[in-house]
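See structure below.
The shown structure was predicted, so the numbers you read here are calculated from the model rather than taken from an experiment. Just follow the structure's listing: the first ligand is 1, and inside any ligand the first atom is 1.
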Amino acid sequence: MRFIDSHTEGEPTRVIIAGGPDLGTGSLRERRTRFRETADDFRKCVINEPRGWDALVGALLCEPQDPSCAAGVIFFNNTGYLGMCGHGAMGIAVTLHWLGRIGLGVQRIETPVGVVEVSLLSPNQVAIANVPSYRHRTRVSLHVERLGTLTGDVAWGGNWFFLVDGLPVPLTMSNLRPLSDAAQLVRDALEREGIMGADGAEIDHIEFFGPAQSPDADSRNFVYCPGGAYDRSPCGTGTSAKLACLAADGKLSPGDAWVQESIIGSRFTASYRAAADGRIVPTITGHAYVCGEGILIQQPGDPFPFGIGGSPA
Ligand code: PYC
């Protein structure tokens, strides 16, 4: 199977360009279910060590069902499947341009949670008009082991997020371990207390926010991903969830820019327009760079064809 690697503001994406599983036809949501049920070893092979690593997000390109879309995509990680992925959509656009498959301009891409509009502004700069995003619950109180009682908002930005009010420790790279541990405790508490997204969806991303280090950014974040990795970028879907909360609180007006800095200091510039039912359509702009290309091989006798922790080893 052939792949191209890129990173978006530091966060890696691996686009499968040949040799992926045939998931048949149907909606992207149905094909994501088929992926999970019939080809999960493929996900493990691509993402798990020794061929991948925990921060990597995979992108399987598929035929779109919606004829207005240039491509469909199913994103996956070290623990399962994502709804949307903002940094990954930017990585796809830059990768397809690098391959000569698309030019600069606007493309529509279908995901399991809706269509996103991807504008390639230059070979390495991309703006994503994301799926409609919204705050689902406000100032939810949560008892977190070792941290005490916290509050936070539950919001949708293409994935489910819990946006914590306040910080366990300052948002610095030297605090990656305590930030990750605290985020995992928040996840455990959400599960224990049965706090969910709409339709009983699991809230699998946790966000902390603090002051930006750069004087021209509005905020710094730390985003804890479902499989325990932290997002090196400011997280496209996480920034969308943040915008939905800012909009709901009347703290950011439509069209105004919000500069979200990541824990590594990279940044997305974001804004939104109002949509139906109190939702917003966020636009997130960032930079992505192709950084590798290769073929994944499973030699006979390899005890880890599906990665460490995957079957059969
Ligand atoms: O950019 O939306 C994003 C994302 C989700 C998980 C990792 N990155």
Side-chain angles (χ1 to χ4, degrees), residues 5-15 32 43 46-47 52-60 73-95 109 111-118 125-134 155-163 176 179-180 183 187 197 201-209 219-245 258-264 266-270 272 280-289:
D5 280 352
S6 61
H7 75 83
T8 304
E9 305 294 352
E11 178 75 351
T13 306
R14 176 165 285 177
V15 180
R32 181 178 62 174
R43 175 188 66 76
V46 172
I47 300 289
W53 71 102
D54 65 350
L56 189 59
V57 171
L60 181 69
V73 62
I74 300 173
F75 292 109
F76 51 99
N77 63 16
N78 59 339
T79 191
Y81 299 83
L82 291 162
M84 222 304 271
C85 179
H87 92 266
M90 293 181 200
I92 290 175
V94 163
T95 295
I109 295 187
T111 78
V113 295
V115 172
V116 297
E117 229 172 59
V118 176
Q125 192 184 27
V126 191
I128 307 287
N130 196 8
V131 294
S133 302
Y134 63 100
W156 170 255
N159 295 299
W160 282 105
F161 290 83
F162 190 76
L163 298 89
L176 284 176
L179 286 164
S180 301
R187 263 198 81 175
E202 183 185 12
I203 302 168
D204 55 4
H205 292 74
I206 309 297
E207 283 193 85
F208 295 118
F209 294 90
S219 157
R220 170 170 281 232
N221 69 5
F222 171 85
V223 182
Y224 187 67
C225 296
Y230 72 94
D231 197 328
R232 279 70 170 158
S233 83
C235 191
T237 51
T239 300
S240 298
K242 175 70 176 175
L243 257 56
C245 295
W258 178 265
V259 178
Q260 186 66 59
E261 195 178 76
S262 74
I263 187 74
I264 70 163
S266 60
R267 52 170 63 196
F268 285 155
T269 301
Y272 73 89
I280 62 159
V281 174
T283 297
I284 314 286
T285 305
H287 294 84
Y289 301 86

Among all protein heavy atoms, pick out the one at the shortest distance from atom 7 (C) of ligand 1; state its residue, atom name and that distance to 0.1 Å.
D231 OD2, 3.2 Å
Numbered in order shown, the ligand 1 atoms found under 4.0 Å of a heavy atom of H87 are 1 (O), 3 (C), 4 (C), 7 (C), 8 (N)
So which heavy atom on F76 is nearest to which on L60, and how close?
CE2-N, 3.8 Å
Looking only at distances, can you tell me whether any N or O atom of G88, backbone or side chain, sits closer than 3.5 Å to an N or O atom of ligand 1?
no
Looking at F161 and A241, what are the two nearest heavy atoms and their distance?
CD1-CB, 3.8 Å
What protein heavy atom sits nearest atom 6 (C) of ligand 1, and how far away is it?
H205 NE2, 3.8 Å
By number and element, which atoms of ligand 1 are closer than 4.0 Å to a non-hydrogen atom of G236?
1 (O), 2 (O), 3 (C)
Proximity of T237 to ligand 1 by residue part, where a heavy atom lies under 4.0 Å:
both
Hey, is the main chain of L82 close enough, under 3.5 Å, to the side chain of R32 for a donor-acceptor pair?
yes
Please determine if V57 has a nitrogen or oxygen closer than 3.5 Å to a nitrogen or oxygen of ligand 1.
no
CZ of R43 to OG1 of T79, rounded to nearest 0.5 Å, is 6.5 Å
Taking the six-membered ring for Trp, are F222 and Y224 parallel (under 30°), tilted (30 to 60°) or perpendicular (over 60°)?
parallel
If you look at every heavy atom in R187 and E202, which pair is closest and at what distance?
NH2-OE2, 2.7 Å
